Amino acid sequence: MPQVVMPQLGETVTEGTVGRWLKKVGEPVAKYEPLLEVETDKVASEIPSPFAGTLSAIMAEEGSTVPVGSPVCEIAAAGEAPRPSGEAPSPSSEAPRATAPAELSAAPEPSPAAPAENVPAQSGAAIAPEPPPSAAAAQPFDQSGGNGARHSPAVRRLARMHHIDLSGVTGSGRGGRLTARDVIAHVESGSPRPAAPPAPAARPAAPPTPAATPVAASTAPAPPAAPSVPAAPTVPKPMTVAPVPVAPPGSEDTVIRLSQMRKTIAERMVLSKTTIPHAWSMVEADVTNVVRWRAREKDAFKAREGVNLTYLPIVIQAVCAAIREYPMVNATWAGDSIIQRKHINVGVAVDIEEGLIVPVIKDADRYSLAGLATTINELAARARSRKLTMDDLTDGTITVDNTGSLGSIASVPIINPPQAAIVTTEAIVRRPWVVDDAIAIRDIMNLCLSLDHRVLDGAVASHFLQAVKKRLESFSG
Amino acid sequence: MATKTVLEGVRDALYNEMSRDERVFIMGEDVGARGNVFLITQGFMDKFGRQRVIDTPLAEASIVGVAVGAAMAGMRPVAEIQFADFIYPAYNQIVGEAAKIRYRSAGGNTCPMVIRTPYGGGVRGALSHSVSVEALFYHVPGLKIVVPSTPADAQGLLTSAIRDDDPVMCLEHKRTYRLIKGEVPEGDFTVPIGKAAIAREGKDLSVITYGLMRHTATEAAEKLAAEGIEAEIVDLRSIRPMDRETILGSVTKTRRALIVHEDNKFGGVGAEVAAIIAEEALFELDAPIRRVCGPDVPAMGYAKEYEEAFMPSVERIATAMRELAAY
């Protein structure tokens, strides 16, 4: 049975209040005859009936507020039997009652299934309830309008570029549509926008898959294992590159299906390498003091703290201290600005079966060595048992990756966007080393840094690396 | 600078090139004794002689075929098809021969010829004197197609066409011949083939057009300027090669593209322009690409009403511009 829906009484109006019904249930209505009054915050309007028939049911009482597009009444078309007066429309049975038996009209809640014998075999009797006519049918309006509507490619690109939440932008196009100019005006007006690109957050970085390529290029930000990662971070999309033609697999080749994690890693790698201008630097650090100290302390540490003492927390401590000296390293490129992060949240790569995952140590600069060691251990354990939460994986501001654990002595890590830097700690190798004017055997470790050259100049990056090196070389426990 | 009509621009290009280069000759129906149906070549036969101004039989395939041979033999023929509506018999000579000679001979031969033909409606030319033929040819690699709309472009592009080493079709909108007047540089000059012109600058939308419609669209744009809408008019001038940079540059600036041509809509030049924009500038677009074109009917009727219904009018273009600007 045709329904009348709450009309859109203005481009920005989303609901209307029924003021007064001008027809009673059971009364005949001519096409275009006023049916009810609707009030919005601006006006009261008489709503004409879109067709002739008999008002058979009212679904919105006087005073009730109804969203635009929701049914307010039903009108039985001429020749169609009206619903017995007083009876609300049944949710599942549209069978018109040709006759209105007293017992039925008394029933406040009609049984969904009208007994077959009571239902006249009449056209329309057995059909499923009609979906309410769409708002567009009853009251045509431009679907392209409004902020909930689809945006043009230009608007979407601009919003992404400037990290704008479009729901806060006023549209000036047809039907309130957002235009590219609206977005630009919004940006230029300096309207508040979300603090920053929702950090790499959603997709944490996972460093290198050491197994893949031990040297160079091994460090790969990776995604959370969870495939249900929310929307991509608002960093610019990688440019599209024509795929390289690939010869089809031969009979002796193996085709490896992409896991969700592998897909995400691939996406993130391409995003990083195509949108971030990477620069690279490496220093050699004489970590003999660290090695000696660790050899001396590790058993007591294990006994006291319950976890192994590795080099990683020592390096992370040095990195945090160096960041405090050169805070620009702890920053993110935000399109039209650089955001320098106050909190130092260090992502550490953990190798798990499916790939790599990078849980984040929040405020890593506030931990003691033992605290860092314990936290790293705990995060790694949770990563391997798939117990990491989104919170563990978000908001990293820099990544430290221990590529040396697999023997690498130099890596060119890929930055985990939108971070600006990633540091690798390479294998500690005993080497002949010039100390003052003598040659000594020392424990040498390379530290590699990839930096976002938009955010950091070579000088700052070098000073930062030197600061890390200095701290490691003068380490005394 | 001298003020000329489009027709005078065409005439001067022919006259100057024939004076400058003995290899240049013209052939076509009524180009000699009659001086062409629009009197473009009036007096040419007396000036340049019957060897260089050749009246041909009503045989378009032969006109183009002879020109192809002459061009390969080292001449610079300018073959005229009296009306574009008559070009079909020469299609094989143009598409099957002229366009392929350089490729077929691996660069050993070229076909330095020009095919000039008046096209287009709006002159009560009825079914066989109103057609637009560009879409039938612009698909074909190896052909260049120019469509001048101003006197300076008519002279400069035809000069470039005659000097070009490959076959060039010069489509001249017959309604512009005497209607459009404009300044033309003195002396020897050319307009490069493959370069569009910004006929009018604007920031609110781009109108990509050519031929007579450049003028109709400009008129619509002036009208809209009074309403505060500034349309940029891009006159393609060359349909092939097509100036992608100018199209994309304009659309990148305005983010809205309207394509206007008189030729039928389906598969017309606008389809290619739209595809270029969609392929290369999708993320610049703030509104769907729109086209105002001739209707997809076989021909333009003689009756004024038929003709008016066919030709995109200032009003139709202005309405589309307004809607696109407001989108």
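Order of the sequence lines fixes the chain letters, A, B, ..., with proteins taken first and strands second; residue numbering starts at 1 for each chain. From a predicted model like this one, the values you see are computed outputs, not experimental measurements. Basis for what follows: all heavy atoms, side chains included, without hydrogens, waters or symmetry-related copies.
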Exercise. Which bit of Arg181(A) comes within less than 4.5 Å of chain B, counting heavy atoms only: side chain, backbone, both or neither?
Worked result: both
Problem set entry | Separation between CE of Met161(A) and CZ of Phe283(B), rounded to the nearest 0.5 Å |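 Going from CE on Met161(A) over to CZ on Phe283(B), the span is 11.5 Å.
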Problem set entry | Reported CD-to-OG distance for the pair Glu284(B) and Ser152(A), which is rounded to 0.5 angstrom | 10.5 Å
Problem set entry | Carboxylate-amine/guanidinium contact Asp286(B) Arg156(A), below 4.0 Å |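 Answer for the salt bridge query: no.
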For this session: Kindly say whether Ala180(A) contributes a backbone atom to a donor-acceptor pair with the side chain of Arg255(B) at under 3.5 angstrom?
Result: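 Pair absent, no side-chain N/O of Arg255(B) close to backbone of Ala180(A).
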For this session: Please check if the side chain of Arg174(A) supplies one atom and the backbone of Ala326(B) the other of a donor-acceptor pair under 3.5 Å.
Result: no
Problem set entry | Tyr91(B) atom OH, over 12 foreign heavy atoms within 6.0 Å | yes
Exercise. For Glu222(B), does the CD atom sit with more than 12 other heavy atoms under 6.0 Å from it, leaving out its own atoms?
Worked result: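 Counting neighbours around CD of Glu222(B), more than 12 heavy atoms of other residues, nucleotides or ligands fall under 6.0 Å, so yes.
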Seminar exercise, completed: Taken in chain and number order and not counting sequence neighbours, the residues that satisfy salt bridge (charged side-chain N to carboxylate O under 4.0 Å, His left out) with Arg214(B) are Asp235(B)
